[in-house]
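Working notes, beginning with the structure itself.
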Amino acid sequence: MCGIVGYAGRRDAAPLIIEGLKRLEYRGYDSFGVATLGSGIELVKHQGRISGYAGSAHQLHGKTGIGHTRWATHGIPNDANAHPHLDCTNRIAVVHNGIIENFSSLKRDLISRGHRFRSDTDTEVVVHLLEEAYAKEHDILVAVQNTVPLLKGSFALLVIVADDNRLIAARNQSPLVIGIGDGENFAASDMTPVIEYTERAIFLEDGDVASLKPDSVEIFHDKIPVTRPVELIDWSPEAAKKGGFSHFMMKEIYEQPKAFFDTLNAIDTDVLPPAARHPSSVTVLACGSSYHAGLIFRYLVEESCGIPARLEFASEFKYFPPPVEGLVIGITQSGETADTLTALRQAKAHNCTTLAITNVLGSSVSRIADATLFMRAGPEISVAATKSFVAQLAVLMQIMNAWAGRRWAGVLQHAHQSIEDVLHIDLSAAVSLCVPAKSIFYVGRGPFYAVSLEGALKMKEISYIHAEGYAAGELKHGPFALLSTETPVIAICMPGETYGVMISNIKEMKARGAPVIALGCEGDSELPDIVDVFIPVPETHRFVQVLTTLVVLQLLAFYTAVALGRDVDKPRNLAKSVTVE
Ligand code: G6P
């Protein structure tokens, strides 16, 4: 959580940093701040969002600076807890993404040595420790190198000190990338603030400390100079802009046919490690939407490939690890979710072969896993996952395709067309039923149960309407007590073995007064007569039906949230990348 960005160059740093922070707001947006090397350290920080901000931070002087957009962990969102934080002399400024786990004892010691704290954050201990180290060493790079070993936990740190034009960056288990420009260099949580200026990137390793000046980047590990490869990032700057859409989420929903197609065709399953080529079983670890992608995979791989699959919340796996062996797949669009990273490390410790699926080149998960398959969704800015989810499914379906002797190659190559077909579906009648609802149930069976979980998650996170996904047969074991004329049920009812029983379930719900919105195949002769709103999707292969029903539910959540006037791209209390447990 939290986004950080730093600049060392020849242009005014503050406007560049402010623009960069706007791109990183998906990581947190409860407060922000900027510090530059002007006349001494110049600092502006505020509670609230940086988007739409037109205040005095733009006027800060200096060609070197750092900025931060926050998702609060230690201390409420207010001006004092916003980063950057200053030392007692007001000469050193620090921004931080991550958590300093031993901050309490460090803080106690620092206070006993006379330091004054101005915030409730864990981060502030770092800047006071730097103050002591700098007083001894008179060199900010050495001060950072000497301070980092005192810190336990995860951190990406950016540091500046008055009267020194260097920007110092340090990384341990939180993402940090350096953008190599022409006469200017950047450091940021990811490349989205940087792709406008350069495509050349260095992903720091855990334990690295870097010193950036306009014309040079030096990297040290254990104080020894090291070189790290320069990678080319081909995300276009336009991809991180709205491009005429009202919301990033809408743009990203519309980018899904391309995200699916590009990802599908970028995945080379021939490079899978041997244990991932013909596994006898597979375990999937993930959180949030990625967990739902894993659940879809679990159903499909068992049904279509006959391979036993198990799925675990990464957050549970750490504390209650089941016996695990063979192939373990970690799914994480950001590549930085703390729980997923920890769970994969544990799986490795059990001698499992680990395969990561992520959207972000250079992300932490790709350093942990034995092999990584990268999605090609491009930057996803809206907090609610959409195109990254569909791209995860592209990877997972391509893996299943490889395991099944490429049986579905033709189907998958045309799947993006069916996604395209549902983008313009008229959902106004369904939206009218959802907007006044206090609670909505989503039901399906098999992989469509997993789709219903994801549909409900989208609805709750962006519309703030309580929404629950249920296996259709389970609704009668309790939730029926909640059904009324004001509780819409969204049922996914596709042809196949469960069609008949889904129809019975829908009738049971109707008998209890619930308005039913049903997603079914075009040409269905029964559903339109028994439900309140029928939403037809193309009659295609099962894999593709998963995709089309999912996209319809994303759109339904989006239109409902817009009708309710919600902040769709930045829902309250959430963040896109959850780098804390
Ligand atoms: C957060 C995001 C979700 C995402 C989840 C897991 O909660 O808001 O959209 O699904 O983290 O993220 P990951 O990067 O591991 O897929």
Side-chain angles (χ1 to χ4, degrees), residues 245-247 249-250 253-254 256 384 386 418-445 448-449 451-470 472 475 479 482-495 499 502-540 545-566 568:
F245 285 87
S246 60
H247 299 81
M249 183 172 177
M250 191 54 163
I253 289 174
Y254 271 67
Q256 291 185 113
T386 54
S418 301
I419 302 176
E420 192 86 52
D421 288 345
V422 297
L423 290 176
H424 303 284
I425 259 175
D426 178 10
L427 294 174
S428 49
V431 172
S432 309
L433 279 177
C434 292
V435 165
K438 295 270 175 295
S439 192
I440 304 175
F441 285 100
Y442 286 67
V443 295
R445 284 173 183 263
F448 301 104
Y449 159 53
V451 172
S452 73
L453 288 178
E454 177 63 8
L457 179 64
K458 289 303 90 151
M459 184 61 88
K460 76 182 107 182
E461 70 182 325
I462 63 168
S463 77
Y464 313 153
I465 297 172
H466 171 252
E468 287 300 325
Y470 257 88
L475 217 60
L482 300 174
L483 293 188
S484 75
T485 52
E486 286 157 17
T487 320
V489 178
I490 298 170
I492 310 173
C493 182
M494 292 296 160
Y499 180 82
M502 278 299 299
I503 294 282
S504 304
N505 293 151
I506 289 171
K507 287 183 177 162
E508 290 156 12
M509 294 161 203
K510 285 296 303 168
R512 276 135 191 103
V516 175
I517 299 163
L519 279 66
C521 273
E522 280 163 356
D524 188 302
S525 57
E526 198 165 354
L527 278 171
D529 294 335
I530 60 168
V531 300
D532 299 77
V533 178
F534 174 61
I535 303 172
V537 300
E539 183 165 8
T540 50
Q545 287 169 0
V546 164
L547 298 165
T548 52
T549 51
L550 170 80
V551 172
V552 169
L553 296 186
Q554 293 170 342
L555 286 164
L556 181 60
F558 174 82
Y559 291 129
T560 303
V562 170
L564 288 166
R566 305 298 190 222
V568 172

Can you give me the closest heavy-atom contact between [X] and [Y], atom names plus distance?
{"X": "Leu519", "Y": "Ile490", "value": "CD1-CG2, 4.0 Å"}
{"X": "Val489", "Y": "Ala514", "value": "CG2-CB, 3.9 Å"}
{"X": "Val422", "Y": "Val552", "value": "CB-CG2, 4.0 Å"}
{"X": "Ala384", "Y": "Lys458", "value": "C-NZ, 4.0 Å"}
{"X": "Ser452", "Y": "Leu553", "value": "CA-CD1, 4.5 Å"}
{"X": "Val562", "Y": "His247", "value": "CG2-CE1, 3.9 Å"}

To the nearest 0.5 Å, how far apart are [atom1] in [X] and [atom2] in [Y]?
{"X": "Leu427", "Y": "Leu555", "atom1": "CG", "atom2": "CG", "result": "6.0 Å"}
{"X": "Gln554", "Y": "Met250", "atom1": "CD", "atom2": "CE", "result": "10.5 Å"}
{"X": "Ile425", "Y": "Leu556", "atom1": "CD1", "atom2": "CG", "result": "11.0 Å"}
{"X": "Ile535", "Y": "Thr549", "atom1": "CD1", "atom2": "OG1", "result": "10.5 Å"}
{"X": "Leu482", "Y": "Arg512", "atom1": "CG", "atom2": "CZ", "result": "13.0 Å"}
{"X": "Ser418", "Y": "Leu547", "atom1": "OG", "atom2": "CG", "result": "8.5 Å"}

According to side-chain hydrogen bond (donor to acceptor under 3.5 Å, both in side chains), who are the partners of [X], at least two apart in sequence or on a separate chain?
{"X": "Thr487", "result": "Ser484"}
{"X": "Ser246", "result": "none"}
{"X": "Ser428", "result": "Asp426"}

Within the distance-only criterion (no hydrogens, no angle test), does the side chain of [X] pair as donor or acceptor with the backbone N or O of [Y] below 3.5 angstrom?
{"X": "Glu454", "Y": "Val451", "result": "no"}
{"X": "Gln545", "Y": "Thr540", "result": "yes"}
{"X": "Arg566", "Y": "Ser463", "result": "yes"}

Determine whether [X] and [Y] make a side-chain contact, defined as any pair of heavy atoms from C-beta on separated by less than 4.5 Å.
{"X": "Phe448", "Y": "Met502", "result": "no"}
{"X": "Arg445", "Y": "Asn505", "result": "yes"}
{"X": "Cys434", "Y": "Ile517", "result": "yes"}

Could you list the donor-acceptor pairs under 3.5 angstrom formed by side chains in residues 520-530, with sequence neighbours left out?
unit_1, atom_1, unit_2, atom_2, d
Asp524, OD1, Tyr499, OH, 2.9
Asp524, OD1, Glu526, N, 2.8
Asp524, OD1, Leu527, N, 2.8
Asp524, OD2, Tyr499, OH, 2.8

Contacts of [X] that satisfy side-chain contact (heavy atoms from CB on, under 4.5 Å) - sequence neighbours left out:
{"X": "Pro436", "result": "none"}
{"X": "Leu453", "result": "His292, Leu295, Tyr449"}
{"X": "Asp532", "result": "Leu433, Lys510, Pro515, Val516"}
{"X": "Glu420", "result": "Pro257, Leu423"}

Could you give all pairs that pass the side chain to side chain donor-acceptor pair (under 3.5 Å) test and reach residues 431-444, with sequence neighbours left out?
-> Ser439-His466
Could I get the full list of ring pair (Phe, Tyr, Trp, His ring centres under 6.0 Å) partners for Tyr254, not counting sequence neighbours?
->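 Phe245, His424.
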